[in-house]
Amino acid sequence: MSTPRRTLGTASPLDVSALGLGCMGMSEFYGTPDEDGGIATIHRALDLGVTFLDTADMYGPFTNELLVGRAIADRRDQVQLATKFGNERLPDGTRVGINGRPEYVRAACDASLQRLGVDHIDLYYQHRVDKTVPIEETVGAMAELVTAGKVRHLGLSEASAVTIRRAHAVHPITALQTEYSLFTRDIEDEIRPVLRELGIGLVPYSPLGRGLLTGAITTASGADGTADFRRSAYFPRFQGDALAQNLTLVDNVRAIAEAKGATPGQIALAWVLAQGDDIAPIPGTKRVRYLEENVGALTVDLTATDLADLERAVPRDAVAGARYGDMSHIDA
């Protein structure tokens with residue numbers, strides 16, 4: 001099949017595959033890291049036309065950028081490469097905090113370029129907004145990277161509508177990366193209208209509700225049977241009664257999926273894709289078989305009736321639990 005393309009942003013447009021690949025879980029958080037499996041998954045993604053790859057310096061920390069760099073070493077020209085800075089960590093994994101100081105922006109970019117083994121980053125995001133540094137200063141430093149040729153396009157992650165406006169006034173913002181799925185729709189109130197007004201693309205992370213919407217997670221382990229970070233108190237939706245309620249919603253999606261001859265995950269991804277041509281979700285996986293299942297979502301045609309059925313199957317406010325146990329790192 002030919003993977004469709006989409007354009008993120010209008011003032012600084014970036015052409016990407018309609019479906020991207022989140023690489024985080026190859027190195028950390030979701031069960032046992034799998035470098036070989038991760039590289040094989042990236043190679044298969046590129047073969048399938050999934051060319052929009054997402055990483056960050058904090059994943060590992062640092063090891064995920066190294067992995068992605070190795071995977072694309074001889075295929076750089078096929079890739080739209082996105083990485084992020086701002087969640088500062090030490091090599092031993094210690095979390096230092098959120099850092100948006102201009103000097104850190106410059107140093108973080110240089111370090112990412114070296115680990116990735118590339119001369120430029122296609123889309124460079126501020127991973128989290130540093131509320132102690134004016135966004136104008138952070139984006140000003142990011143804009144200098146564009147001038148220097150180290151970065152082609154700028155992005156924000158988990159930024160509020162007000163922050164997005166202020167940032168875009170300094171330099172065109174190509175995309176906002178934020179959580180968005182059938183299970184997480186709060187951006188529809190204020191943020192989504194601002195993105196549309198300013199011509200900024202949307203890159204949903206966790207479009208499968210951190211795996212819940214695939215139907216593969218039913219117990220106190222991850223989809224592959226190993227314990228993972230999702231089962232910590234950091235993710236309330238995976239705890240106790242909340243998990244039970246959320247899995248009932250997944251059953252509703254499964255019923256619609258069966259009628260369409262698709263998997264629940266494919267229906268959930270197709271729903272995200274149907275929300276606009278300025279959206280390119282980045283479901284993450286370290287397994288070729290899950291990648292191939294996700295790509296199958298591109299062939300799922302949701303009718304107006306299907307979309308209405310999904311609205312009833314997963315009412316916007318029916319999901320139990322906050323998306324993070326601690327929301328203090330989210331710009332509001």
Side-chain angles (χ1 to χ4, degrees), residues 1 3 16-56 58-60 63-73 75 78-83 179 181-183 203-232 235 237-238 247 250 253-254 257 261-273 280-300:
M1 61 172 289
T3 299
V16 300
S17 53
L19 196 69
L21 174 62
C23 299
M24 178 187 77
M26 300 171 186
S27 301
E28 195 177 14
F29 301 120
Y30 289 0
T32 305
D34 185 353
E35 180 172 316
D36 291 341
I39 289 176
T41 300
I42 291 172
H43 287 167
R44 180 60 175 150
L46 298 182
D47 291 342
L48 292 171
V50 176
T51 57
F52 184 30
L53 303 183
D54 184 87
T55 182
M58 75 158 293
Y59 301 157
T63 55
N64 195 242
E65 285 186 329
L66 291 167
L67 184 158
V68 171
R70 285 192 291 272
I72 68 170
R75 302 177 72 170
Q78 299 178 33
V79 173
Q80 297 83 57
L81 180 60
T83 192
E179 188 171 351
S181 71
L182 273 169
F183 271 17
V203 179
Y205 75 82
S206 296
L208 294 170
R210 294 188 172 80
L212 272 177
L213 283 161
T214 67
I217 295 176
T218 58
T219 65
S221 63
D224 61 358
T226 59
D228 66 32
F229 191 49
R230 286 170 287 193
R231 296 318 177 134
S232 70
F235 294 115
R237 291 177 177 176
F238 287 78
L247 290 177
V250 174
V253 176
R254 182 182 284 106
T263 67
Q266 288 172 338
I267 292 295
L269 279 177
W271 180 89
V272 174
L273 289 161
I282 50 167
T285 185
K286 57 188 173 186
R287 299 282 184 264
V288 169
R289 64 190 176 102
Y290 293 138
L291 166 75
E292 292 175 344
E293 178 182 331
N294 292 341
V295 170
L298 294 166
T299 64
V300 175

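- Annotation: side chain of C23 is in contact with side chain of I42 (closest heavy-atom distance under 4.5 Å).
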Practice problem: Evaluate the criterion side-chain hydrogen bond (donor to acceptor under 3.5 Å, both in side chains) for residue pair E293 and T263; output intermediate values, then yes/no. | Solution: CA-CA 8 Å; E293 178 182 331; T263 67; 2.8 Å; yes

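- Scanning all heavy atoms of the two residues, the minimum distance from L273 to A297 falls at CD1-O, 4.5 Å.
- Not a single donor-acceptor pair under 3.5 Å links the side chain of S27 to the backbone N or O of M24.
- Here the shortest heavy-atom pairing between P283 and G20 reads CD-O, 3.6 Å.
- Residues L208 and A268 come closest through the heavy atom pair CD2-CB, 3.9 Å.
- Remark: H43 NE2 to L291 CG distance equals 12.5 Å, nearest 0.5 Å.
- At a cut-off of 3.5 Å, with distance as the only test, no side-chain donor of Q78 or T51 sits close to an acceptor on the other residue.
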Practice problem: Could you check L81 against V68 for side-chain contact (heavy atoms from CB on, under 4.5 Å), going step by step and ending with a plain yes or no? | Solution: CA-CA 9 Å; L81 180 60; V68 171; 3.9 Å; yes

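- Annotation: side chain of F238 is in contact with side chain of I217 (closest heavy-atom distance under 4.5 Å).
- Under 4.0 Å is where a charged nitrogen must lie from a carboxylate oxygen, and between D36 and K286 no such pair does.
- At a cut-off of 3.5 Å, with distance as the only test, no side-chain donor of S17 or Q80 sits close to an acceptor on the other residue.
- Residue L53 comes nearest to V50 through the heavy atom pair CD2-O, 4.3 Å, listed as atom of the first residue, atom of the second, then distance.
- By the 4.5 Å heavy-atom criterion applied to side chains, R210 and Y205 are counted as neighbours.
- Side-chain contact between F52 and V203 is present, with at least one heavy-atom pair separated by less than 4.5 Å.
- S181 and V272 make their closest contact through CA-CG2, 4.1 Å (heavy atoms, listed as atom of the first residue, atom of the second, distance).
- A distance of 10.0 Å separates CD1 in I282 from OG1 in T55, rounded to the nearest 0.5 Å.
- Between the T214 side chain and the G265 main chain, no donor and acceptor come within less than 3.5 Å of each other.
- Note: L21 CG to Y290 OH = 14.5 Å, rounded to the nearest 0.5 Å.
- Between the CD atom in Q266 and the CG atom in L213 there is a gap of 13.0 Å [rounded to 0.5 Å].
- Interatomic distance, L48 CG to T41 OG1, rounded to the nearest 0.5 Å: 10.5 Å.
- Residues A280 and V16 come closest through the heavy atom pair CB-CG2, 3.9 Å.
- No side-chain donor-acceptor contact under 3.5 Å links N64 to the backbone of M26.
- Note that CD of E28 is 6.0 Å distant from CE of M58, once rounded to the nearest 0.5 Å.
- The closest donor-acceptor contact from the side chain of R237 to the backbone of F183 lies under 3.5 Å.
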